[in-house]
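Beneath this line is the structure, given in structure tokens, with notes to follow.
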Number of protein chains: 2
Amino acid sequence: MADSRQEPQYKDAVRGELQLLKCAKRLEQFSTGRFRDGHGGSLTRFDVLANLSRAPDRSLPTSELAANLISSQGNITRLLDRMEADGLIERGSHHADRRVSVVALTENGQTSFENMAAEHEHWMGEIFGVLGESETRQLIRLLGKIRARIDAIDEEQA
Amino acid sequence: MADSRQEPQYKDAVRGELQLLKCAKRLEQFSTGRFRDGHGGSLTRFDVLANLSRAPDRSLPTSELAANLISSQGNITRLLDRMEADGLIERGSHHADRRVSVVALTENGQTSFENMAAEHEHWMGEIFGVLGESETRQLIRLLGKIRARIDAIDEEQA
DNA sequence: GCGATATGCTTTACGCGTAAACTATCAAGG
DNA sequence: CCTTGATAGTTTACGCGTAAAGCATATCGC
């Protein structure tokens, strides 16, 4: 901080950030838009369904969902409220710990998820097809490095 | 759609999407968090200030701002309401067309922007420093291809 | 001119993100 | 026991995104 020299790299860094954010926003817009038009869903709802569908008995405590989605606890509550109202999930109680509420996929939620997943995979294939396999893996690798770096910086500060 | 063959590429495509979205969300979280702690701002507010700062006389009609930010007109109104309340911008009227409201940076907004910009550049340098120059450019290139592909697909459908 | 239409912005209703305060429950140590 | 502290969820207040309806003003074709 004492030394405020301008490394040439910095300009590309800001360009990189912009490109990254815009690209992600565009992608999210694309997916959410398609989900909205087809089913009632959004990308986040899809993510919830995907997590539940992968879970051992298609159910998870709320807190584990919150950990997988990058979203705060408080938000999950309302999200699940709406999804429960739409009949995609059900909330039950944990046998041993009365604090936790267990979220389970309904039949309806499961089939809804399967339809969405198939479409979603198709779209992503169309989009990432523009990069070859090796470029896609390259992209994944670079993004991973960025993410790890951010995590590291945040930990330093803490 | 008739042919639902599973190309091996598809799996990497979905992985790529996830990685992209998570990385971007993480980055936005990082920047917004730092801006919030330091100044009152957020990444979006910063973007508004940046656009105004680059404009010929530090002012732009609302509609042009809306075009540069990826955000709907309706949202801009409230965003500018808050920023005006915070004394960062001022709204005036257009000399010829009484429909348009012209947004201008205040002194306060300009200095606030300069501080934010310096910090922001520093953070991005720290983060993207983990990639070399060539990898950063590579990342920018790949993201550009993805974005162009999405635009192309959307246009096809339209 | 003047009605139809387009444009710029605001308003409204809502989805989804955060942080922070609150409630209920559980687990541990005196 | 029973306080003390951690943990699971909910609630609240708010920022910021969308779409759609509404209002004022311009503009175009008659």
Side-chain angles (χ1 to χ4, degrees), chain A residues 21-22 24-37 39-49 59-86 88-89 91-103, chain B residues 21-22 24-37 39-49 59-86 88-89 91-103:
Chain A
L21 293 179
K22 284 196 177 169
K25 198 165 276 189
R26 192 75 187 73
L27 186 58
E28 186 165 7
Q29 205 176 43
F30 176 90
S31 289
T32 296
R34 299 261 165 147
F35 278 142
R36 180 162 26 74
D37 294 348
H39 326 270
S42 74
L43 200 77
T44 309
R45 284 161 88 112
F46 176 65
D47 208 4
V48 171
L49 296 179
S59 70
L60 282 176
T62 305
S63 53
E64 287 193 41
L65 262 176
N68 292 345
L69 316 181
I70 308 186
S71 189
S72 50
Q73 268 275 15
N75 191 37
I76 307 283
T77 297
R78 295 171 309 167
L79 183 61
L80 294 180
D81 285 346
R82 287 186 291 266
M83 292 179 73
E84 192 172 24
D86 291 349
L88 298 172
I89 59 154
R91 281 194 262 209
S93 47
H94 191 90
H95 51 89
D97 190 335
R98 274 187 298 175
R99 287 171 305 178
V100 336
S101 86
V102 176
V103 182
Chain B
L21 293 179
K22 283 196 178 168
K25 198 163 276 189
R26 193 75 187 74
L27 186 57
E28 186 166 4
Q29 206 177 41
F30 177 89
S31 288
T32 296
R34 299 263 165 144
F35 278 142
R36 181 164 24 78
D37 294 347
H39 326 270
S42 73
L43 200 77
T44 310
R45 284 162 88 111
F46 176 65
D47 208 4
V48 170
L49 296 179
S59 70
L60 282 175
T62 304
S63 53
E64 287 192 42
L65 261 176
N68 291 347
L69 316 181
I70 308 186
S71 189
S72 51
Q73 269 275 14
N75 191 37
I76 307 285
T77 297
R78 293 171 308 168
L79 183 61
L80 294 181
D81 285 347
R82 287 186 290 265
M83 291 179 75
E84 193 174 22
D86 291 349
L88 298 171
I89 58 154
R91 280 195 264 209
S93 47
H94 194 282
H95 49 89
D97 189 336
R98 273 188 298 176
R99 287 172 307 180
V100 336
S101 87
V102 176
V103 181

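Keep in mind the model is a prediction, meaning the values are calculated, not measured. Each chain gets a letter, A, B and so on, in the order its sequence line appears, and its residues count up from 1.
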- Task: Return the value, rounded to whole Å, for the distance between atom CZ of A:Phe35 and atom P of D:dG17.
- Result: 22 Å

- Task: Hey, could you give me the CG/NZ distance between B:Leu69 and A:Lys22, rounded to the nearest 0.5 Å?
- Result: 8.5 Å

- Task: Please check the phosphate of D:dG17 (OP1 and OP2 only) for any side-chain N or O of B:Thr44 closer than 4.0 Å.
- Result: yes

- The correct set of residues in residues 78-85 of chain A placing a heavy atom under 4.0 Å from DNA chain D is none

- With heavy atoms under 4.0 Å as the rule, sort A:Thr32 into base, sugar-phosphate or nothing. nothing

- Query: Picking from A:Ile89, A:Leu65, A:Val48, what satisfies side chain to side chain contact (heavy atoms under 4.5 Å, CB included) with A:Leu79?
  - Reply: A:Val48

- Query: From A:Asp86 CG over to A:Leu80 CG, what is the distance, rounded to the nearest 0.5 angstrom?
  - Reply: 11.5 Å

- Message: Rounded to the nearest 0.5 Å, what separates atom CG in B:Leu88 from atom CG in B:Leu49?
- Response: 6.0 Å

- Item | Nearest-Å distance for atom pair CG/P, residues A:Leu43 and D:dG17 | 17 Å

- Closest heavy-atom pair and its distance - B:Leu21, A:Ala24: CD2-O, 3.6 Å

- Query: Between B:Arg36 and D:dC16, is there a side-chain N or O to OP1/OP2 distance below 4.0 Å?
  - Reply: no

- Task: Ignoring hydrogens and angles, tell me if any N or O in the side chain of A:Thr62 forms a donor-acceptor pair with the backbone of A:Ser101 under 3.5 Å.
- Result: yes

- Note on the structure: note: B:His94, atom NE2; C:dT7, atom P; distance rounded to Å ~ 16 Å

- Query: Within this structure, what is the CD-to-C1' distance between A:Glu64 and D:dT7, rounded to whole angstrom?
  - Reply: 14 Å

- Message: Can you tell me if A:Ser42 touches the phosphate of C:dC16, counting only side-chain N or O atoms and a distance under 4.0 Å to OP1 or OP2?
- Response: yes

- How long is the span from the CZ atom in A:Arg36 to the CZ atom in A:Arg45, to the nearest 0.5 Å? 12.0 Å

- Item | Reported CZ-to-OG distance for the pair A:Arg91 and A:Ser93, which is rounded to 0.5 angstrom | 12.5 Å

- Message: Whole angstroms only, please: what is the NZ-P distance between A:Lys25 and C:dG17?
- Response: 13 Å

- Let me know the distance between NE2 of A:His95 and P of C:dC26, rounded to the nearest Å. 12 Å

- Does a side-chain N or O from A:Thr62 land closer than 4.0 Å to OP1 or OP2 of D:dG9, or not? yes

- Query: To the nearest Å, how far apart are B:Arg45 CZ and D:dC14 C1'?
  - Reply: 12 Å

- Whether A:Asp97 side chain and A:Arg99 backbone form a donor-acceptor pair below 3.5 Å: yes

- Value in whole Å for how far the C1' atom of D:dG17 lies from CD of B:Glu28: 10 Å

- Message: Tell me the closest heavy-atom pair linking B:Ser71 and B:Asn75, and the distance in Å.
- Response: OG-ND2, 3.0 Å

- Kindly indicate whether the side chain of B:Met83, heavy atoms from C-beta on, has any atom under 4.5 Å from the side chain of B:Val103. no

- Task: Assign A:Thr77 to base, sugar-phosphate, or nothing according to its heavy-atom contacts below 4.0 angstrom with the strands shown.
- Result: base

- Would you tell me if any nitrogen or oxygen in the side chain of A:Ser101 comes within less than 4.0 Å of OP1 or OP2 on D:dA8? no

- Gap separating the CZ atom of B:Phe30 from the CG atom of B:Leu43, nearest 0.5 angstrom: 11.5 Å

Extract from the structure each pairing of a protein N or O with an N or O of nucleotides 24-29 of chain D at less than 3.5 Å, listing the distance.
{"residue": "D:dA26", "atom": "OP1", "partner": "B:Arg98", "partner atom": "N", "Å": "2.7"}

- Item | Closest-nucleotide ordering on DNA chain D, the 5'-leading residue of A:Ile76 and A:Gln29 | A:Ile76

- For residues 65-75 of chain B, which residues have at least one heavy atom under 4.0 Å from DNA chain C? B:Gln73, B:Gly74

